[in-house]
There are 2 protein chains.
Amino acid sequence: MSNLISIKSATLSEDIAQQLISAIVQGHIPQGSKISEPELAKQYGVSRGPLREAIVKLEGLGLVTRTANIGARVIKLNIQDMLDTFTMREALEGMAARLAAITMQTEEVRSLYALLDKHQAYLDDNQDEHYVQQGGNDDFHLRIIHASGNAKLIRLLTEELYAVIRMYRRHTADQRNDPRQALREHRAILDAIANHEGDLAELLMRRHISRASQLLKQAMEQTVLASPP
Amino acid sequence: MSNLISIKSATLSEDIAQQLISAIVQGHIPQGSKISEPELAKQYGVSRGPLREAIVKLEGLGLVTRTANIGARVIKLNIQDMLDTFTMREALEGMAARLAAITMQTEEVRSLYALLDKHQAYLDDNQDEHYVQQGGNDDFHLRIIHASGNAKLIRLLTEELYAVIRMYRRHTADQRNDPRQALREHRAILDAIANHEGDLAELLMRRHISRASQLLKQAMEQTVLASPP
DNA sequence: AAAAACAAAACTGTCGACAATCCCACTTGA
DNA sequence: TCAAGTGGGATTGTCGACAGTTTTGTTTTT
């Protein structure tokens with residue numbers, strides 16, 4: 001039975017990779033579970049060839065680990081890996097903010113202020129509920145990253161790291177996170193960018209991400225992540 | 001005819017990936033050239049299955065770009081991509097230096113000073129010739145990266161980015177680079193780490209890499225990188 | 001002679017099958 | 001009873017072949 005819905009790409013391998021990424025990030029394939037090639041091949045209605053290529057790609061994204069002659073397993077989320085990942089984000093997005101501060105045009109600055117106003121209005125209207133910015137054009141962080149103009153940085157952050165980051169966000173209900181506080185921090189970062197203060201923009205972005213990682217850590221410590229073996 | 005020499009790994013796909021990485025980095029497969037699956041399969045004496053998996057992996061490493069139904073091409077080196085890559089390095093290795101400064105033990109500090117003394121002695125004995133630190137345990141940068149203790153950072157820098165970085169280093173004869181100056185900078189970075197001055201260590205590492213990238217840029221501007229199409 | 005149309009060759013994407021390895025349950029021996 | 005050994009079943013790694021697309025070379029047309 002074919003589960004290959006909607007996402008029609010040029011090649012089967014691509015399709016399946018996207019499907020698997022989505023399934024893993026959303027927890028449909030549980031963390032730590034084994035990836036059975038025959039099972040998934042039957043499930044998606046394809047042969048093992050393209051499926052294996054997709055798995056190799058997932059390994060590159062850090063979503064699964066592979067062992068020769070044994071197979072692939074979905075990664076297990078844990079606090080240390082999360083902190084390590086967010087430390088990298090801190091360095092990279094901090095740099096992105098710095099670059100954005102140097103090069104951003106007034107038109108883009110205005111557009112970003114408008115975006116933050118939109119977020120503000122959403123919070124006012126929806127009793128501080130989280131604004132669902134699922135990686136689209138409404139995500140402040142993604143906008144800053146793209147504004148950096150550094151193609152390598154953009155690819156790394158938006159294509160390679162984002163899957164894992166979203167996985168961490170999704171699997172811990174971080175209620176702790178105060179969206180109004182986050183919005184204030186976003187505004188401060190944008191102010192620095194608007195004034196072309198690269199140092200400050202980087203510093204603020206780093207603090208912002210560091211705070212988020214600490215909150216996520218606390219949330220993970222309370223969430224029972226995985227039953228002990 | 002089989003070209004699979006020496007590097008015997010658990011799986012053919014792994015072997016071929018390593019062989020291809022080496023061939024591309026060392027320029028044996030020229031940049032911009034097309035990767036022909038039948039040709040390479042025959043050359044390495046394997047079928048197209050494992051070869052394709054290796055190519056998918058190379059794509060993840062950013063060494064080749066793939067287009068559906070057309071195939072893979074080795075990347076073309078150019079100044080902008082190099083600068084973008086080194087900017088990322090700046091952010092990441094700067095962070096690595098900061099982390100190393102926080103956590104490094106006195107024993108490891110001593111060992112690194114000994115390494116720098118060794119480099120010094122080599123320069124004295126060999127008329128300032130470059131010390132060949134081909135990614136081994138004698139590479140100061142790799143030592144710092146590992147000392148960061150951040151597994152994700154280590155993997156990204158040493159497994160994913162290093163191939164491309166080495167490719168840039170190898171394809172431009174940057175005679176401009178003064179090894180004694182580099183060594184002085186290494187020593188300053190290590191001093192900061194020894195004193196557990198994270199801010200300073202990060203700053204110095206960033207400057208060090210920034211300087212190297214500027215030198216490499218000048219070298220690339222003079223080197224005729226590729227004949228214009 | 002240059003451009004468009006067409007046909008054949010080559011290449012990539014995909015599939016099913018075989019070989020090698022691993023896993024698990026069962027048996028055997030102390 | 002428990003440890004080691006053993007055999008069958010399942011899974012991964014690899015291969016050769018077919019289908020669809022792209023490329024190339026030729027022919028035809030203007």
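Chain letters run A, B, ... following the sequence lines, proteins first and then strands; every chain starts at 1. Just so it is clear, the values below take in all heavy atoms, side chains as well, and ignore hydrogens, waters and symmetry mates.
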Original post:
CG/Leu99(A) to CD/Glu202(A) distance, rounded to the nearest 0.5 angstrom?
Top reply: 8.5 Å
Original post:
Distance from Leu161(B) atom CG to Leu156(A) atom CG, nearest 0.5 Å?
Top reply: 7.0 Å
Original post:
In whole angstroms, how far is the P atom of dT14(D) from the OH atom of Tyr44(B)?
Top reply: 16 Å
Subject >> Phosphate OP1/OP2 of dT12(D): any Lys34(A) side-chain N/O under 4.0 Å >> reply: yes
**OP:** Using only side-chain N and O atoms of Thr11(A), determine if any of them is under 4.0 Å from OP1 or OP2 of dT12(C).
**Re:** no
Subject >> Single hit among Arg52(A), Arg66(A), Lys42(A) for salt bridge (charged side-chain N to carboxylate O under 4.0 Å, His left out) with Glu37(A) >> reply: Arg52(A)
Subject >> Lys/Arg N to Asp/Glu carboxylate O, Glu59(A) vs Lys57(B), below 4.0 Å >> reply: no
Original post:
Given atom NZ of Lys42(B) and atom C1' of dC11(C), what is their separation to the nearest angstrom?
Top reply: 13 Å
Original post:
Out of dT12(C), dG13(D), dC15(C), which has the shortest distance to the side chain of Val46(A)?
Top reply: dC15(C)
Subject >> Length of the line joining Glu37(A):CD and dT14(D):C1', which is rounded to integer Å >> reply: 12 Å
Original post:
Near DNA chain C, which residues from residues 47-55 of chain B have a heavy atom under 4.0 Å away?
Top reply: Arg48(B), Arg52(B)
**OP:** Flag the pair Glu108(A) and Arg143(A) as a salt bridge only when some basic side-chain nitrogen lies within less than 4.0 angstrom of an acidic carboxylate oxygen.
**Re:** yes
**OP:** Provide, to the nearest angstrom, the distance between the CZ atom belonging to Arg66(A) and the C1' atom belonging to dT12(D).
**Re:** 10 Å
Original post:
What distance do Leu92(A) atom CG and Met205(A) atom CE have between them, rounded to the nearest 0.5 Å?
Top reply: 11.5 Å
**OP:** Measure from CD on Glu39(B) to C1' on dT12(C) and round the result to the nearest Å.
**Re:** 15 Å
**OP:** On DNA chain C, check which nucleotide each of Ala68(A) and Asn69(B) is closest to and give me the residue with the more 5' one.
**Re:** Asn69(B)
Original post:
Starting at the 5' end of DNA chain C, which residue's closest nucleotide do you reach first, Ile70(A) or Ser36(B)?
Top reply: Ser36(B)
Subject >> Close side-chain approach of Tyr168(B) and Met220(B), heavy atoms under 4.5 Å >> reply: yes
Subject >> Glu14(B) CD to dT12(D) P, straight-line distance once rounded to whole Å >> reply: 17 Å
Original post:
To the side chain of Ser13(A), which of dG13(C), dT14(C), dT14(D) is closest?
Top reply: dT14(C)
